[in-house]
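Structure below; questions to follow.
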Amino acid sequence: MLIITALSVVVTRSLFAIVTLSGVFSLLSALLFIRMDAVDVAFTEAAVGAGISTVLMLGTLALTSRSERGDKKTQVAPLFLVILTGALLIYGTVDMPHFGAPDTPAQTHVGPDYLERIPKEIDVPNAVTAILASYRGYDTLGETAVVFTAGIGVLMLMSGLARRRREDEDDKEGPS
Amino acid sequence: MVEFFTSDFVLGRLNYWFFIFLMMTGLYIVIARSNLVKKIVGLNIFQTSVFMLYISIGKVSGGTAPIFPIDMNIDPNVVYSNPLPHVLILTAIVVGIATTSLGLALMVRIRESYHTIEEHEIAEQEQEIMRKELGLAKEGEV
């Protein structure tokens with residue numbers, strides 16, 4: 001399903017359909033996250049990926065244009081590059097551990113250590129919350145800083161949009 | 001070499017290959033398509049597939065979500081999946097929406113200046129401007 005959605009984004013021309021498909025992609029991936037025991041991530045992905053980003057993209061479409069122009073033909077050079085990169089990545093997975101194996105480096109190092117310490121030290125039932133807010137609190141602080149910076153950037157780019165539009169229209173009407 | 005082609009080997013890594021295929025689809029959209037909205041959607045697809053890759057690394061077969069019982073009486077026989085990738089990806093999702101929104105704002109601004117959101121049309125306009133400037137410079141010298 002995810003693959004079909006992703007491939008239809010490649011061939012679709014209407015930007016409105018593309019934005020909707022991206023929302024569908026996010027929801028499907030949220031389902032997959034639940035299957036892989038990551039309920040918190042699924043939550044966030046459904047809210048942020050399928051909700052907020054779709055709304056933002058629709059807002060952008062309202063301010064810009066509706067459909068895609070330009071060449072539709074498959075270009076050879078990017079396709080080649082992408083296949084090459086994919087082949088290299090797949091070659092890399094040969095050394096990766098088996099899916100779901102309990103004895104991989106990821107499962108035997110800090111993860112179980114957290115799971116052991118959280119009931120004693122933090123006493124919060126949700127392990128993800130405990131790590132996010134306590135052990136990895138600095139990461140969350142950094143994340144807040146990133147979001148703040150992005151917010152300032154968006155404000156600076158968008159400020160005066162309506163004013164400039166009005167001036168443009170005045171210019172057009174002025175000489176005639 | 002024989003161990004590479006057993007069904008167990010392939011099944012255990014099928015998830016990685018699936019995510020890599022999705023990643024490459026996203027990358028192809030970013031590189032090959034000239035519409036800026038489409039590029040951002042491609043970037044999102046790429047991003048989400050990387051998230052899926054990370055979450056799949058944290059999965060333990062037979063495990064459950066890393067949420068303890070409310071009375072904190074933990075059954076030692078219950079296996080929990082690794083919560084650390086979940087935390088990292090939560091942070092990454094929020095940072096991802098920040099970059100997406102910044103990209104979309106840039107796009108609105110580009111549309112205002114160039115009246116298009118197609119990359120090749122922007123490049124044409126840039127070349128036009130450059131040619132005009134060069135032409136003016138030559139006239140100035142003469």
Side-chain angles (χ1 to χ4, degrees), chain A residues 2-3 6-7 9-10 15 18 22 25 29 32-33 36-41 44-45 48 52-53 56-57 60 63-65 68-70 75 78 82 85-86 89-90 93 96 98-100 102 106-107 110-111 114-115 119 123 125-128 131-132 136 139 143 146-147 150 153-154 157-158, chain B residues 12-13 15-17 20-22 24-25 27-29 31-32 34-35 37-38 41 44-45 48 52 55-61 63-68 70 72 74 80-84 86-87 89-91 93-95 97-102 104-109 111-112 117-118 120:
Chain A
L2 280 165
I3 288 181
L7 287 181
V9 172
V10 179
L15 289 181
I18 289 174
S22 114
F25 186 84
S29 65
L32 194 65
F33 287 145
M36 294 194 288
D37 297 340
V39 279
D40 306 76
V41 180
T44 318
E45 179 66 33
V48 170
I52 299 176
S53 70
L56 283 177
M57 282 187 201
T60 314
L63 288 172
T64 56
S65 64
E68 180 192 23
R69 293 190 300 275
Q75 290 145 304
V82 161
T85 320
L89 283 173
I90 285 177
T93 61
M96 292 284 278
H98 196 281
F99 175 65
Q107 315 301 357
V110 282
Y114 279 136
L115 284 174
D123 206 26
N126 190 338
V128 176
I131 296 177
L132 187 75
R136 295 237 149 231
D139 283 8
E143 169 199 337
V146 169
V147 174
V154 170
L157 284 169
M158 302 286 276
Chain B
R13 283 154 190 79
N15 63 316
Y16 302 125
W17 298 345
I20 286 171
F21 180 81
L22 285 178
M24 290 305 112
T25 314
L27 187 63
Y28 178 75
I29 298 173
I31 299 177
S34 75
N35 186 286
V37 175
K38 214 164 177 178
V41 171
N44 271 342
I45 290 178
T48 315
M52 290 186 234
I55 299 289
S56 81
I57 291 173
K59 164 80 177 160
V60 182
S61 39
T64 180
I67 298 176
F68 303 127
I70 194 77
M72 299 304 265
I74 296 156
Y80 292 108
S81 286
N82 193 347
L84 196 57
H86 302 184
V87 173
I89 295 311
L90 273 184
T91 311
I93 288 178
V94 177
V95 170
I97 187 69
T99 50
T100 305
S101 59
L102 199 61
L104 291 172
L106 267 175
M107 207 153 56
V108 172
R109 196 70 186 79
R111 151 90 179 174
E112 221 186 314
I117 50 168
E118 302 284 332
H120 59 273

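Owing to the predicted nature of the structure, the values given are computational and were not obtained by experimental measurement.
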Top contributor to chain A interface from B:V95, B:V94, B:T99 [non-hydrogen pairs under 4.5 Å]: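 Most pairs with chain A among the choices: B:V94.
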Separation of A:I131 CD1 from B:L90 CG (nearest 0.5 Å):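 Interatomic distance, B:L90 CG to A:I131 CD1, rounded to 0.5 Å: 10.5 Å.
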Partner chain A: residue of B:S101, B:P83, B:A98 with the largest heavy-atom pair count (under 4.5 Å): B:P83
Residue B:I29 versus chain A: region with a heavy atom under 4.5 Å: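 Contact with chain A is through the side chain of B:I29 alone.
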Member of B:W17, B:Y16, B:F21 meeting the side-chain contact (heavy atoms from CB on, under 4.5 Å) criterion with A:I90: B:W17
From CA spacing to verdict: side chain to side chain contact (heavy atoms under 4.5 Å, CB included), A:M57, B:T100: CA-CA 9 Å; A:M57 282 187 201; B:T100 305; 4.2 Å; yes
Test log, rule side chain to side chain contact (heavy atoms under 4.5 Å, CB included), inputs A:F25 and B:L22: CA-CA 11 Å; A:F25 186 84; B:L22 285 178; 4.1 Å; yes
Under 4.5 Å from a heavy atom of chain A, the part of B:I20 involved: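 For B:I20, the side chain is the part near chain A, not the backbone.
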Contacts of A:S29 that satisfy side-chain contact (heavy atoms from CB on, under 4.5 Å) - sequence neighbours left out: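 Per chain and number, A:S29 pairs via side-chain contact (heavy atoms from CB on, under 4.5 Å) with A:L2, A:F33, A:E45, B:T48, B:M52.
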Side chain to side chain contact (heavy atoms under 4.5 Å, CB included) between A:L15 and B:I117, intermediate numbers included: CA-CA 11 Å; A:L15 289 181; B:I117 50 168; 4.2 Å; yes
Sole residue of A:D139, A:V41, A:D40, A:V128 in side-chain contact (heavy atoms from CB on, under 4.5 Å) with B:V87: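 Testing B:V87 for a side-chain contact (heavy atoms from CB on, under 4.5 Å) against A:D139, A:V41, A:D40, A:V128 leaves exactly one candidate, A:V128.
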Distance (rounded to the nearest 0.5 Å) between B:I97 CD1 and A:S53 OG: 4.5 Å
From B:T91 atom OG1 to A:L132 atom CG, the distance as rounded to the nearest 0.5 Å: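 Here the interatomic distance stands at 5.5 Å.
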Audit row: B:I89, A:T44, side chain to side chain contact (heavy atoms under 4.5 Å, CB included) steps and yes/no: CA-CA 10 Å; B:I89 295 311; A:T44 318; over 6 Å; no
Option in A:L89, A:L56, A:T85, A:T93 with maximal non-hydrogen atom pairs under 4.5 Å from chain B: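 Top option by heavy-atom pairs under 4.5 Å: A:T93.
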Interface moiety of A:L63 toward chain B, non-hydrogen atoms closer than 4.5 Å: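 Contact with chain B involves both backbone and side-chain atoms of A:L63.
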Under 4.5 Å from any heavy atom of chain A - which part of B:N15: side chain
Nearest heavy-atom neighbours spanning B:H86 and A:M36: NE2-O, 4.3 Å
Taking every non-hydrogen atom, the tightest pair across B:I55 and A:A38: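 Of all heavy-atom pairs spanning B:I55 and A:A38, the closest is CG2-CB, 3.7 Å.
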